[in-house]
Amino acid sequence: MLVVGIDISTSELEPLLEPLLESHSNRLSIVKGNISSRPTSERAITEALDRGRKLDSIILNAAILKPIGPAAETSVDDWKRLFDINFFGLLHTIQIALPHLRLSDGQILMTSSGVSLTPYPAWIPYACSKAAMNWLGACLSVEEDQVMILCVTPGIVESEQQKEVRAEHRANMPPKQYKWLSELHYRGELLQPDRPASSFVHLAVHGIPLELNGQVVEWDDIRIRSNT
């Protein structure tokens, strides 16, 4: 099995990636680029096909948070940049990958968010991009009969995004909301990334259960592992 990853900057990941690339050079490849640029996805899919000969699954996880703040006060240009990454970037990858996924009866996995299902203040641009992604997955599931699609909400994860929230967005969020997220971190109650990641890996390897096709589910939904 070959894994091809995309990241806009690999510098922060280099301490982790270098030993993995050395020990698993035949199973791991990293493409550096901006996911909102179509050629980035083209390079990643080409790399997967050249080295792995086929494409079984794609996991679409790229997203940014900014702008955070009241909808009436946030820049429309910032909304557009967010959608270029969170939605249209994923659409680029899907369009390029679909012909190959059809041949392998493959699957598309997308990282959704709880804010796309329950309204929260200040996170409206991010929530809208994830809600649009949810509907993209739902509609694709009725268009594509050879490819399975699933959106997975990963919970509140100890991630770079949560670090960004604590460091940069206090003034942009209601005090109660900021306090809640900060306290989850300080109490050690944020999910470690490997926990939801294990669900994505399981789905990529074992496939999406038919009953979940086109849906949005939580990362720990017991049905995710029904194909084991």
Side-chain angles (χ1 to χ4, degrees), residues 1-7 35-36 40-41 44-45 48-49 52 54-65 82-83 85-120 123 126-157 159 161 190-228:
M1 178 183 295
L2 173 69
V3 175
V4 178
I6 299 175
D7 192 33
I35 195 64
S36 66
T40 298
S41 292
I45 299 299
L49 294 171
K54 67 173 184 172
L55 190 66
D56 294 307
S57 303
I58 58 172
I59 299 174
L60 303 173
N61 184 58
I64 61 172
L65 290 177
L82 178 143
F83 265 81
I85 295 169
N86 294 16
F87 183 77
F88 293 113
L90 311 186
L91 184 58
H92 283 313
T93 310
I94 289 170
Q95 289 181 335
I96 297 163
L98 264 176
H100 309 288
L101 292 172
R102 291 175 187 137
L103 295 175
S104 66
D105 293 322
Q107 48 259 327
I108 298 170
L109 298 163
M110 297 189 276
T111 303
S112 186
S113 171
V115 300
S116 70
L117 305 173
T118 302
Y120 288 89
W123 292 64
Y126 181 79
C128 288
S129 71
K130 291 296 185 177
M133 187 200 73
N134 293 346
W135 275 108
L136 173 62
C139 294
L140 279 175
S141 73
V142 297
E143 279 192 351
E144 298 290 333
D145 57 6
Q146 293 173 281
V147 179
M148 303 284 281
I149 300 101
L150 183 64
C151 297
V152 180
T153 60
I156 306 178
V157 179
S159 63
Q161 287 186 337
L190 294 173
L191 282 171
Q192 291 304 304
D194 61 318
R195 297 185 67 192
S198 69
S199 293
F200 282 92
V201 172
H202 182 90
L203 290 162
V205 172
H206 297 285
I208 297 168
L210 180 60
E211 64 184 297
L212 298 183
N213 190 30
Q215 294 191 29
V216 182
V217 301
E218 295 180 357
W219 71 274
D220 56 353
D221 190 307
I222 60 172
R223 296 173 296 173
I224 283 177
R225 300 181 185 271
S226 64
N227 274 4
T228 303

Might you point out which heavy atoms bring [X] and [Y] nearest each other, and give the distance in Å?
X	Y	result
Phe83	Ala132	CE2-CB, 4.3 Å
Tyr126	Ser113	CE2-OG, 3.6 Å
Val115	Tyr120	CG1-CD1, 3.7 Å
Ser36	Ile85	CB-CG1, 4.0 Å
Ala204	Leu109	N-CD1, 3.7 Å
Gly52	Leu2	N-CD2, 3.7 Å

Taking the side chain as C-beta and beyond, is there a heavy-atom pair between [X] and [Y] under 4.5 Å?
X	Y	result
Lys54	His100	no
Phe87	Leu136	yes
Asp105	Met148	no
Val157	Leu190	no

Under 3.5 Å donor-acceptor, Lys130 side chain and Thr111 backbone
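Judged by distance alone, yes, a pair lies under 3.5 Å.
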Check whether any side-chain N or O of Ser141 sits under 3.5 Å from a backbone N or O of Ala138 as a donor-acceptor pair, and report yes or no.
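Flag set: sc Ser141 to bb Ala138 pair under 3.5 Å.
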Should Leu203 and Ile59 be marked as a side-chain contact (heavy atoms from CB on, under 4.5 Å) after you check the CA-CA gap, both sets of side-chain angles, and the distance that decides it?
CA-CA 10 Å; Leu203 290 162; Ile59 299 174; over 6 Å; no
Verdict with supporting geometry, Met133 and Leu90, side-chain contact (heavy atoms from CB on, under 4.5 Å):
CA-CA 8 Å; Met133 187 200 73; Leu90 311 186; 3.7 Å; yes
Within this structure, what is the [atom1]-[atom2] distance for the pair [X] and [Y], rounded to the nearest 0.5 Å?
X	Y	atom1	atom2	value
Leu60	Phe200	CG	CZ	9.5 Å
Met110	Cys151	CE	SG	4.0 Å
Ile6	Asn61	CD1	CG	11.0 Å
Ser116	Asn86	OG	CG	11.5 Å
Ile108	Ile208	CD1	CD1	8.0 Å
Ile156	Gln161	CD1	CD	12.0 Å

Determine, stepwise, if the pair Thr153 / Trp219 fulfils side-chain contact (heavy atoms from CB on, under 4.5 Å).
CA-CA 6 Å; Thr153 60; Trp219 71 274; 5.7 Å; no
With side-chain contact (heavy atoms from CB on, under 4.5 Å) as the criterion, how do Gln107 and Leu101 come out once you've worked through the C-alpha distance, each side chain's angles and the decisive distance to 0.1 Å?
CA-CA 7 Å; Gln107 48 259 327; Leu101 292 172; over 6 Å; no
How are the rings of His206 and His202 set relative to one another: parallel (under 30°), tilted (30 to 60°) or perpendicular (over 60°)?
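Aromatic pair His206/His202 classed tilted.
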Does CZ belonging to Arg223 count more than 12 external heavy atoms closer than 6.0 Å?
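Yes, because the 6.0 Å sphere around CZ of Arg223 holds more than 12 heavy atoms from other groups.
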By side chain to side chain contact (heavy atoms under 4.5 Å, CB included) - contacts of Ser41 (at least two apart):
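Scan of Ser41 (side chain to side chain contact (heavy atoms under 4.5 Å, CB included), adjacent residues dropped) gives Ile35, His92, Thr93, Ile96.
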Side-chain donor-acceptor distances from residues 211-218 under 3.5 Å, at least two apart:
unit_1	atom_1	unit_2	atom_2	d
Asn213	OD1	Ile149	N	2.8
Gln215	NE2	Glu211	O	2.7

